[in-house]
Amino acid sequence: MKKILTIMTILPFLVFCSQPAQAEEQEERTVEEETIYYLMVDRFVNQNFENDEEINIDDPEAYHGGDLEGVISQLDELKQQGFTAVNISPLMENAPGGYHGMWVTDFMELDEQFGTWESAQQLVEEAHSKNMKVYMDFTINHTAEQHPWTEDASKQGWFLPESEVSPDHPETIQASWVEGLPRLNLENPDVAASIKEAGLYWAERLNLDGYRLLLDSETPLSFVETFTESIRDQHAKFKFLADDMTENGGQDYKDAGIDLVLDYSYNDKLTAVLADVGNPLEDLPVQAAGASKGIFLDSQYTTRFTREAVKNEQNPVTRWKLGLLYLYTTPGTPVIYQGSEVAMDNGQDVPDHRTAQLNSGEDELKQYLEQIGSLREQYASLTKGDFEHVASDGAMSLYKRSYQQEEIFIAINNDNETKTIRLEGDRDGEQLRGLLYDNIVRLDDNNDYRITLDRETADVFIVEKNTGINWLFVSFILLVFAIFISSIIYLTIKQKRRTK
């Protein structure tokens with residue numbers, strides 16, 4: 001009897017949960033399909049204390065001890081949160097205090113403060129074993145003042161005269177660490193050859209997936225084109241990301257071989273709308289699908305998004321949830337800066353380069369990232385689909401992403417009250433199923449869908465057949481339950497008879 005009871009208990013799970021998996025060949029992700037986590041190696045996680053001789057955690061301009069081993073220790077966590085790629089700060093040998101990696105003194109050596117060649121190779125290998133990519137920042141415009149080239153009389157033509165250096169970064173960019181540095185003359189053939197050699201060297205030695213370049217209006221397009229070509233000649237799948245400091249949205253750099261441009265002007269617009277309640281989302285100029293833009297709410301060069309929300313007297317976690325969902329479901333590649341998953345805030349209107357507070361105990365955003373990251377990876381519409389603004393009511397908006405036969409609606413209520421949007425039907429036999437809150441929206445008597453959201457909430461709906469109540473499943477469960485109860489009664493009666 002006990003065997004029968006056990007079999008009846010597990011039978012529903014065997015019937016309904018053990019369907020054969022569909023074996024589908026996994027296509028390689030494009031850069032538009034990535035979800036990227038940016039980290040500053042020295043300000044991430046300190047795992048190896050043997051290379052901590054120069055650190056001073058009380059000095060914001062000194063090394064704080066983060067290393068490549070620390071990055072490796074967090075790969076599983078980042079994978080679980082849905083990130084498909086990590087973008088690390090430069091690893092080249094730096095002048096003292098170059099925690100950010102921008103003060104390069106040797107383009108061909110790894111700074112021992114960050115780790116060893118072996119740990120760098122291990123990072124890339126372990127990331128690849130988890131189907132994650134590794135991009136590294138690569139400095140091409142500047143060197144440190146202590147770089148040997150600056151003292152070499154034979155290399156006087158390798159640097160631009162100081163009078164020619166006129167950085168015109170947007171106000172959101174606060175890269176103070178590059179101001180005043182010797183600027184390379186990338187139109188000099190010898191300089192170009194040296195930087196290309198270094199680019200090939202790091203790509204091959206570490207088996208990297210790509211570089212992220214800091215570009216501005218002084219960066220020659222001709223060099224960008226030849227630099228990207230020289231590496232792609234040897235590594236066809238190598239990708240190039242770039243921080244765009246220009247005014248034209250980076251199209252010139254994309255034409256020169258950049259795969260993904262991080263758009264700072266768009267970041268300004270996103271922050272202005274999403275850091276406060278009541279702002280209509282339809283005011284955002286959503287880019288076209290496939291535009292190859294990196295989209296973000298903050299970065300190593302900007303003020304924290306959390307800071308902007310706090311200044312507006314808003315709950316940062318609530319603001320981050322709406323902002324992240326917008327990044328993950330509209331066209332573009334999300335790039336998330338370290339510490340955003342715990343809503344870090346340095347309390348100042350300057351970039352936050354403190355060590356990431358990953359063990360703060362705040363897991364709400366981490367879980368949310370895991371949830372929406374899973375959606376982004378599961379539904380091709382969210383990365384490849386056409387984009388359409390369907391309707392708005394106040395600060396609530398409804399968008400649609402569609403790809404092949406798949407349709408997904410994204411509803412975001414950025415209003416300060418509950419809002420409802422009506423979606424016209426013409427979808428006989430179909431329903432909308434919420435993927436975040438597991439709610440079902442069916443056609444009403446007017447043949448419309450009524451999508452209602454509380455203030456400052458959002459949901460993602462998949463269009464599917466209206467299955468109604470699964471009576472076969474319900475009947476089966478009721479039958480199993482009846483057998484279970486009957487078995488208990490039978491065993492109880494049998495036990496009483498034995499005791500008499």
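Being a predicted model, the structure only gives us computed values, none of them experimental.
Between Tyr328 and Leu382, every side-chain heavy-atom pair lies at or beyond the 4.5 Å cut-off. A heavy-atom distance below 4.5 Å is not found between the side chains of Gln122 and Trp117. Between Met344 and Tyr337 there is no side-chain heavy-atom pair separated by less than 4.5 Å. In this structure, the side chains of Ile88 and Leu123 come closer than 4.5 Å at one or more pairs of heavy atoms. Considering only heavy atoms from C-beta on, Ile336 comes within 4.5 Å of Leu327 through its side chain. Contact check for Met132 versus Thr84: no side-chain heavy atoms found under the 4.5 Å cut-off.
In Ile57, the CD1 atom is not crowded: 12 or fewer heavy atoms of neighbouring residues, nucleotides or ligands sit closer than 6.0 Å. Counting non-hydrogen atoms of neighbouring residues, nucleotides and ligands closer than 6.0 angstrom, the CG atom of Asn359 reaches no more than 12 such neighbours.
Salt bridge present: Lys321 and Glu364 bring a charged side-chain N and a carboxylate O closer than 4.0 Å. At a threshold of 4.0 Å, the pair Arg29-Glu34 counts as salt-bridged, since one of the basic side-chain nitrogens sits closer than that to a carboxylate oxygen.
Screening Asp263, Asn267, Asp268 for a side chain to side chain donor-acceptor pair (under 3.5 Å) with Ser265, the sole residue that qualifies is Asp263.
Under the 6.0 Å cut-off for aromatic ring centres, Tyr379 and Tyr403 do not qualify, their centroids lying 6.0 Å or more apart. Between Phe409 and Tyr399, the ring center distance fails the sub-6.0 Å criterion. Two rings, from Phe240 and Phe238, have their centers less than 6.0 Å apart.
Contact record, Gly115 with Leu68: CA-CD1, 4.3 Å, taken as the closest heavy-atom pair.
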